[in-house]
Amino acid sequence: MHIRVGQLEDIEILFKIRTSVTENHQSREEIAALGITPETVAGMLQTDCAAWIAEIDNQPIAFSIANATEKTIFGMFVLPAYEGRGAGRALMQQAEAWLWSQGAEEVWLLTGNDPTLRAYGFYLHLGWLPTSVEPDGAMKFIKQRR
């Protein structure tokens with residue numbers, strides 16, 4: 001597996017991976033209704049965000065995006081066929097390390113508020129702590145710099 005920095009030309013790949021997941025699935029239309037479009041992602045990548053893509057045999061299989069201003073992991077998604085192969089862990093480590101390098105002392109992310117969800121357990125396993133339920137029902141996790 002190879003992890004590389006995401007570029008503007010990778011935006012369609014990010015959307016393809018994001019809309020392929022089964023848990024926490026959202027269509028392009030649902031994502032756009034939240035204000036997340038190719039144009040907004042391009043703006044993010046040109047300002048205070050960075051993205052990483054995991055590849056196997058030069059095929060993108062997963063990605064993460066982090067926002068330095070917000071000190072958050074904005075998203076991390078793995079193609080269903082490649083779950084359980086370590087891509088998520090590697091991408092989270094990359095995003096966390098970048099956020100620490102940007103001066104963050106504490107970072108956060110949001111995920112579904114259901115302990116039976118794979119993502120919920122995944123974040124717990126990586127040392128993230130659930131802290132509060134957001135108004136929309138999502139669980140906020142935090143992690144402090146060690």
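Keep in mind that what you see is a predicted model, and the values were worked out from it rather than measured.
- Between the Ser20 side chain and the Leu79 main chain, no donor and acceptor come within less than 3.5 Å of each other.
- Ile142 and Leu124 fall into different hydrophobic clusters, where Ile, Leu, Val, Met, Phe, Trp and Tyr residues are linked whenever their side-chain heavy atoms come under 4.5 Å apart, directly or through other members.
- Taking each heavy atom of Leu91 and Ala62 in turn, the nearest pair found is CD1-CB, 3.4 Å.
- When every heavy atom of Trp128 is checked against every heavy atom of Pro130, the shortest pair comes out as O-CD, 3.9 Å.
- Side-chain atoms of Ile36 and Val41, non-hydrogen and from C-beta on, do get closer than 4.5 Å to each other.
- Atoms CD1 and CD1, from Ile61 and Ile13 in turn, are 12.5 Å apart once rounded to the nearest 0.5 Å.
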Please lay out, stage by stage, how Ile73 and Lys143 fare under the test side chain to side chain contact (heavy atoms under 4.5 Å, CB included).
-> CA-CA 11 Å; Ile73 307 285; Lys143 189 170 192 178; over 6 Å; no
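- When all heavy atoms of Ser64 and Met76 are compared, the pair lying nearest together is CB-CG, 3.7 Å.
- Annotation: the span from Asn113 atom CG to Asp136 atom CG amounts to 10.0 Å, rounded to 0.5 Å.
- To the nearest 0.5 Å, the span separating CZ on Arg146 from CD on Glu96 amounts to 8.5 Å.
- Leu129 and Tyr123 fall into different hydrophobic clusters, where Ile, Leu, Val, Met, Phe, Trp and Tyr residues are linked whenever their side-chain heavy atoms come under 4.5 Å apart, directly or through other members.
- The side-chain contact (heavy atoms from CB on, under 4.5 Å) test with Trp52 is passed by exactly one of Ile65, Asp10, Ile3: Ile3.
- Other residues, nucleotides and ligands contribute at most 12 non-hydrogen atoms within 6.0 Å of the CZ atom of Phe74.
- At most 12 non-hydrogen atoms from other residues, nucleotides or ligands lie less than 6.0 angstrom from CG of Asp57.
- Of all the heavy atoms in Pro60 and Ile53, the pair that sits closest is CB-CG2, 3.8 Å.
- Atom CD of Glu134 and atom CE of Met139 lie 9.5 Å apart (nearest 0.5 Å).
- Rounding to the nearest 0.5 angstrom, the gap separating the CG atom in Leu14 from the CZ atom in Phe63 is 5.0 Å.
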Taking distance alone, no hydrogens or angles, what donor-acceptor pairs closer than 3.5 Å link side-chain atoms of residues 98-111 to residues at least two apart or in another chain?
| residue | atom | partner | partner atom | Å |
| --- | --- | --- | --- | --- |
| Ser101 | OG | Trp98 | O | 2.6 |
| Glu106 | OE1 | Gln144 | NE2 | 2.9 |
| Trp108 | NE1 | Glu70 | O | 2.8 |

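- Here the shortest heavy-atom pairing between Ser27 and Thr19 reads C-CG2, 4.0 Å.
- Scanning for ring-ring contact (aromatic ring centres under 6.0 Å, His included) contacts around Phe122 gives an empty result, with sequence neighbours left out.
- Between Pro38 and Arg28, the shortest heavy-atom distance links the atoms CG-NH2, 3.3 Å.
- Interatomic distance, Arg85 CZ to Glu83 CD, rounded to the nearest 0.5 Å: 10.5 Å.
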